[in-house]
Amino acid sequence: MPELPEVEVSRLGISPHLVGQTISSVVVRQPKLRWPIPDELKLAEGYTIKAVHRRAKYLLIDIGIAQIVLHLGMSGKLRVVPATLEPIKHDHLDIVLSSGKCLRFNDARRFGACLWQPQGEVLPQLQNLGPEPLTEAFTAQHLYTLSRGRKTPVKSFIMDNDVVVGVGNIYANEALFMANIDPRRAAGRISFQRYQKLTKEIKDVLASAIQQGGTTLKDFIQSDGSPGYFRQHLRVYGRAGKACEQCEGTINSVVIGQRNTFFCPRCQR
DNA sequence: ACGTGATCCTGGAAGC
DNA sequence: TGCTTCCAGGATCACG
């Protein structure tokens with residue numbers, strides 16, 4: 001699924017079409033997503049969209065009385081299309097706007113979600129989230145302190161949303177390569193200095209991926225339908241057996257926490 | 001508190 | 001060509 005950069009690219013793409021628009025109707029074709037789409041979503045009709053925010057990989061459409069919370073799961077896509085456009089397979093939800101367009105949510109695997117967060121409430125999914133990686137709240141000190149005593153592999157550690165949000169499999173691999181850290185290394189046995197490097201690389205890789213419109217591996221699209229262009233910048237992800245770009249070595253792959261993991265055993269220790 | 005593994009669902013690719 | 005198996009960018013839950 002989209003990781004933080006892809007969600008942010010989606011937000012930037014849809015936001016200009018949404019903000020200031022009134023929601024004329026909500027069309028649910030398939031309520032069975034990761035969680036059922038709540039009936040309260042209908043209450044959105046008649047309200048005006050104030051802003052579109054992002055927290056972790058969740059998009060928050062603020063309509064004053066509540067926020068419509070969207071998660072793209074692994075295969076979710078958002079497009080802004082004419083409301084009259086014939087829906088295709090897996091077009092589960094439309095938020096129809098006064099402009100005559102609609103925000104259309106398509107999600108083949110249905111790991112995505114649409115939730116309703118009333119003003120002043122915080123959904124369980126949005127509680128206990130770690131800091132945003134692209135803010136000053138995300139520091140080496142944070143990673144260092146939280147990791148003391150932890151035996152979990154550093155890759156699993158930085159993919160844990162309680163630690164820091166938005167770092168998924170692709171960018172975890174890439175950031176660890178850039179920081180020269182072996183993804184299998186116990187999180188609690190990494191020095192403060194190395195966490196400084198890792199923190200910087202996480203920020204850099206995420207910011208750079210956003211600039212490139214995200215990473216399209218198979219099917220991620222920006223809200224205008226174009227792919228992301230970060231794929232060509234991937235140094236290790238998906239490159240098992242290929243030459244490392246930094247040394248004479250070969251990229252290896254192992255499974256960590258049930259996720260495919262790529263690294264250069266010579267560059268990463 | 002921590003670490004591991006199963007699980008939700010579909011489609012595309014790879015293997016036979 | 002057609003059938004089967006495997007794999008995928010996420011996140012929660014149950015269990016030891």
* To do: Examine B:dG11: is either OP1 or OP2 under 4.0 Å from a nitrogen or oxygen in the side chain of A:H90? Give yes or no.
  => yes
Write down the protein N/O and nucleotide N/O pairs, taken from nucleotides 1-4 of chain B, whose separation is under 3.5 Å; answer none if there are no such pairs.
residue: B:dG3; atom: OP1; partner: A:K151; partner atom: N; Å: 2.6
residue: B:dG3; atom: OP1; partner: A:T152; partner atom: N; Å: 3.0
residue: B:dG3; atom: OP2; partner: A:R150; partner atom: NE; Å: 2.6
residue: B:dG3; atom: OP2; partner: A:R150; partner atom: NH2; Å: 3.0

* To do: Measure across A:D204 and A:K200 and return the closest heavy-atom pair with its distance rounded to 0.1 Å.
  => OD2-NZ, 2.5 Å
* Asked: To the nearest Å, how far apart are A:D91 CG and B:dT10 P?
  -> 15 Å
* **Nearest-angstrom distance, P atom, C:dC6 to B:dA6** => 14 Å
* **Nucleotide nearest A:I170 (side chain, heavy atoms from C-beta), chosen from B:dT10, C:dG9, B:dG11** => C:dG9
* Hey, are the side chains of A:Y195 and A:V154 touching, using non-hydrogen atoms and a 4.5 Å cut-off? -> yes
* To do: Measure across A:M178 and A:K197 and return the closest heavy-atom pair with its distance rounded to 0.1 Å.
  => O-CE, 3.4 Å
* Asked: Within this structure, what is the CZ-to-P distance between A:F105 and B:dT10, rounded to whole angstrom?
  -> 14 Å
* Does the side chain of A:Y237 get closer than 4.0 angstrom to OP1 or OP2 of C:dG9 through an N or O atom? -> yes
* Value in whole Å for how far the C1' atom of C:dA8 lies from CZ of A:R259 -> 8 Å
* Flag this pair as yes if the NZ/CZ of A:R194 is under 6.0 angstrom from the six-membered ring centre of A:F192 and inside a 45 degree cone about the axis; otherwise no. => no
* Rounded to whole angstroms, how far apart are CG on A:L59 and P on C:dG10? -> 15 Å
* To do: Report the distance from atom CG of A:L78 to atom P of C:dG9, rounded to the nearest whole Å.
  => 20 Å
* Asked: For the base of B:dC9, is there a side-chain donor-acceptor partner from A:R109 under 3.5 Å away?
  -> yes
* Does the side chain of A:L134 reach to within under 4.5 Å of the side chain of A:K203, using non-hydrogen atoms? -> yes
Detail all sub-3.5 Å separations between protein N/O atoms and N/O atoms belonging to nucleotides 12-15 of chain C.
residue: C:dT12; atom: O4'; partner: A:R34; partner atom: NH2; Å: 3.2

* Got a salt bridge between A:R104 and A:D94, using NZ or NE/NH1/NH2 to carboxylate O under 4.0 Å? -> yes
* Asked: How long is the line joining CG of A:N260 and P of C:dC6, in whole Å?
  -> 15 Å
* To do: Determine whether A:L93 and A:L70 make a side-chain contact, defined as any pair of heavy atoms from C-beta on separated by less than 4.5 Å.
  => yes
* Between A:P153 and A:P183, which heavy-atom pair has the shortest distance, and what is it? -> CB-O, 3.5 Å
* Do the non-hydrogen side-chain atoms of A:R150 and A:D160 ever get within less than 4.5 Å of each other? -> yes
* Side-chain N or O of A:H71 closer than 4.0 Å to phosphate OP1/OP2 of C:dA11 -> yes
* Asked: Taking the same atom, P, in B:dG12 and in C:dA11, what whole-Å distance lies between them?
  -> 23 Å
* Asked: Given atom OH of A:Y171 and atom P of C:dA8, what is their separation to the nearest angstrom?
  -> 17 Å
* Structure fact -> Against the side chain of A:E6, the closest entry in C:dA11, B:dC8, C:dG9 is C:dG9
* To do: Compare the minimum distances between each of C:dG10, B:dG11, B:dC9 and the side chain of A:K89, then state the nucleotide with the smallest one.
  => B:dG11
* Asked: Can you tell if the side chain of A:L129 reaches within under 4.5 Å of the side chain of A:R55, non-hydrogen atoms only?
  -> yes
* To do: Let me have DNA chain B in dot-bracket notation, would you? Count Watson-Crick plus G-U wobble pairs, both distances under 3.5 Å, and use [ ] for pairs crossing earlier ones and | for inter-strand partners.
  => .|||||||.|||||||
* Closest non-hydrogen atom pair, A:S75 against A:R110 -> OG-N, 4.3 Å
* Kindly confirm or rule out a cation-pi arrangement of A:R109 over A:F111, judged by NZ or CZ under 6.0 Å from the six-membered ring centre and within 45° of its axis? => yes
* Asked: Would you say the side chain of A:E245 lies within less than 4.5 Å of the side chain of A:R239, judging by non-hydrogen atoms?
  -> yes
* To do: Nearest whole angstrom, please: distance from the C1' of C:dA8 to the NZ of A:K77.
  => 13 Å
* Gap in Å between the two P atoms, one belonging to B:dG11 and one to C:dT12, rounded -> 25 Å
